[in-house]
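Numbers here are sequence positions counted from 1.
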Amino acid sequence: MKFGCCIKRKEDVLTLARLGYDFYEYSGTEIGRMSRGEFDELLAVTDRAKIACLGFNSYSPGRPAIVGEAFSREETEDYAGLLCARGRELGISNVGIGAPAARRLPADYPREKADRQCLEFLRITAAEAARYGQRLLFEAVHSGVCDYGNHTRQALEIVERAALPNLALVLDFYHMKMMGEGLSEAEGVEPYLGHVHVSTREEGLGRGFPHARDEAEYREIFSWLRCHGYKGTVSIEAGSFEEGAAASSLELLRKLDAGMGEQGHDR
């Protein structure tokens with residue numbers, strides 16, 4: 001597998017390259033806020049670091065809305081146009097759609113209407129991403145931060161209903177854990193699995209870097225991924241960046257990945 005880290009500051013690009021990460025993901029929210037000059041600085045540091053930007057996480061700060069009364073086709077089109085065009089300049093492959101603030105609903109909001117809005121959002125955004133050879137990745141996000149698409153199987157159902165050639169899933173094991181889902185809840189996602197996110201659960205709703213004390217948990221996750229034929233990309237999505245934690249987490253994940261390979265060879 002290849003390992004990356006989600007970041008939201010351009011100075012962390014050079015650090016990840018020095019630590020030996022294979023790629024980075026950058027916050028789509030921050031990309032959308034950048035002036036042209038600030039974005040050019042990110043392009044320059046990426047080129048200097050010689051590390052790839054795989055894609056964007058944290059798609060938006062809440063607008064455009066994915067579902068709800070604030071849903072707007074025009075806002076969806078305009079924002080997708082900006083992010084996907086900038087993504088082309090960075091050379092990204094993936095546009096991740098988590099964005100919990102864009103998935104909050106008032107009480108008793110009709111589920112069928114939310115489904116229609118989400119499908120329209122995905123079709124508009126996927127069409128823009130397809131112009132640049134990019135893939136859209138939808139993910140389940142736990143109910144502590146949003147009201148829609150909280151379970152893995154709900155996200156899978158939306159992707160299956162959309163039936164778009166460049167739409168797949170991010171499987172985020174933090175969100176699964178927050179929803180009380182076991183690995184069995186991810187059965188059936190394999191044909192659509194495009195990327196993986198991992199992080200520890202910290203105080204409150206916080207996300208952190210995997211620790212050595214979590215080795216057994218992550219060994220189980222890696223075993224599940226291997227058993228289901230996944231050999232793709234894995235990103236750590238922590239709430240804030242810490243160089244020391246990033247270094248030790250990468251070491252742990254590479255160790256587990258190597259161990260899974262040896263087990264497969266032994267069999």
Problem set entry | Test salt bridge (charged side-chain N to carboxylate O under 4.0 Å, His left out) applied to Arg153 and Glu181, Glu185, Glu187, the passing residue |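 For Arg153, the salt bridge (charged side-chain N to carboxylate O under 4.0 Å, His left out) check succeeds only for Glu185.
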For this session: Count the heavy atoms belonging to other residues, nucleotides or ligands that lie under 6.0 Å from CD of Glu160, then report whether that count exceeds 12.
Result: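 Enclosed.
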For this session: Assess whether atom CZ of Arg18 is packed by more than 12 heavy atoms of other residues, nucleotides or ligands within 6.0 Å.
Result: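 Atom CZ in Arg18 is crowded, with more than 12 foreign heavy atoms closer than 6.0 Å.
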Hey, are the side chains of [X] and [Y] touching, using non-hydrogen atoms and a 4.5 Å cut-off?
X: Glu139; Y: Ile97; value: no
X: Glu25; Y: Glu237; value: no
X: Gln117; Y: Ile66; value: no
X: Arg116; Y: Val67; value: no
X: Lys10; Y: Glu30; value: no

Spell out, as yes or no, whether a donor-acceptor pair under 3.5 Å connects the side chain of [X] to the backbone of [Y].
X: Asp257; Y: Met1; result: yes
X: Asp22; Y: Phe3; result: yes
X: Asp12; Y: Ile7; result: no
X: Asn166; Y: Leu136; result: no
X: Arg104; Y: Val145; result: yes
X: Arg103; Y: Gly149; result: yes
X: Glu157; Y: Ala155; result: no
X: Thr29; Y: Ser58; result: yes
X: His195; Y: Val170; result: no
X: Ser249; Y: Ala245; result: yes

For this session: Could you state whether Leu122 and Val141 fall into the same hydrophobic cluster, counting links through intermediate Ile, Leu, Val, Met, Phe, Trp or Tyr residues with side-chain heavy atoms under 4.5 angstrom apart?
Result: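 Shared cluster, no.
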Exercise. Are Ile236 and Tyr174 connected in the hydrophobic side-chain network, where two residues link if heavy atoms are under 4.5 Å apart?
Worked result: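 Result: no, two separate clusters.
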Exercise. Could Arg86 and Phe39 be counted as a cation-pi pair, given that NZ or CZ must be under 6.0 Å from the ring centre and within 45° of the axis?
Worked result: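 Judged by the rule, Arg86 and Phe39 form a cation-pi pair.
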For this session: May I have the step-by-step check of side-chain contact (heavy atoms from CB on, under 4.5 Å) for Phe71 and Thr76, ending in yes or no?
Result: CA-CA 8 Å; Phe71 177 81; Thr76 299; 4.1 Å; yes
For this session: Decide yes or no on salt bridge (charged side-chain N to carboxylate O under 4.0 Å, His left out) for Glu38 and Arg33, but give the supporting numbers first.
Result: CA-CA 9 Å; Glu38 290 169 331; Arg33 289 172 175 162; over 6 Å; no
For this session: Give a yes or no on whether a salt bridge exists between Asp40 and Arg36, defined as a side-chain N under 4.0 angstrom from a carboxylate O.
Result: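 Yes, charged N to carboxylate O under 4.0 Å.
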Exercise. With distance as the sole criterion, is a donor-acceptor pair present between the side chains of Thr200 and Glu202 under 3.5 Å?
Worked result: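 The criterion, which ignores hydrogens and geometry beyond distance, is satisfied for Glu202 and Thr200.
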Exercise. At what distance, to the nearest 0.5 angstrom, does CD of Glu217 lie from CG of Leu256?
Worked result: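 One gets 11.0 Å once the value is rounded to the nearest 0.5 Å.
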Exercise. Between CG of Leu193 and CG of Leu225, what distance do you get to the nearest 0.5 Å?
Worked result: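 Going from the CG atom of Leu193 to the CG atom of Leu225 covers 7.0 Å.
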For this session: Would you please indicate yes or no on a ring centroid separation below 6.0 angstrom for Tyr59 and Tyr79?
Result: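 Between Tyr59 and Tyr79, which both carry aromatic rings, the centre distance is below 6.0 Å.
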For this session: Please assess Lys2 against Val234 for the test side-chain contact (heavy atoms from CB on, under 4.5 Å), listing each intermediate value before the final yes or no.
Result: CA-CA 6 Å; Lys2 291 189 176 181; Val234 177; over 6 Å; no
Problem set entry | Mutual orientation of the aromatic rings belonging to His142 and His175 [parallel < 30°, tilted 30-60°, perpendicular > 60°] |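 It falls in the tilted class, 30° to 60°.
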Exercise. Do the rings of His228 and Trp224 sit parallel, tilted or perpendicular, given the 30° and 60° boundaries?
Worked result: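 Ring orientation of His228 relative to Trp224: parallel.
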Problem set entry | Worked verdict on Glu120 versus Arg123 for salt bridge (charged side-chain N to carboxylate O under 4.0 Å, His left out) | CA-CA 5 Å; Glu120 185 173 8; Arg123 287 168 182 146; over 6 Å; no
Problem set entry | Worked check of salt bridge (charged side-chain N to carboxylate O under 4.0 Å, His left out) between Arg73 and Glu77 | CA-CA 6 Å; Arg73 182 181 181 89; Glu77 289 174 341; 3.2 Å; yes
Exercise. When you look at Tyr109 and Asp147, which way does the side chain to side chain donor-acceptor pair (under 3.5 Å) test go after all the steps?
Worked result: CA-CA 10 Å; Tyr109 195 82; Asp147 310 291; over 6 Å; no
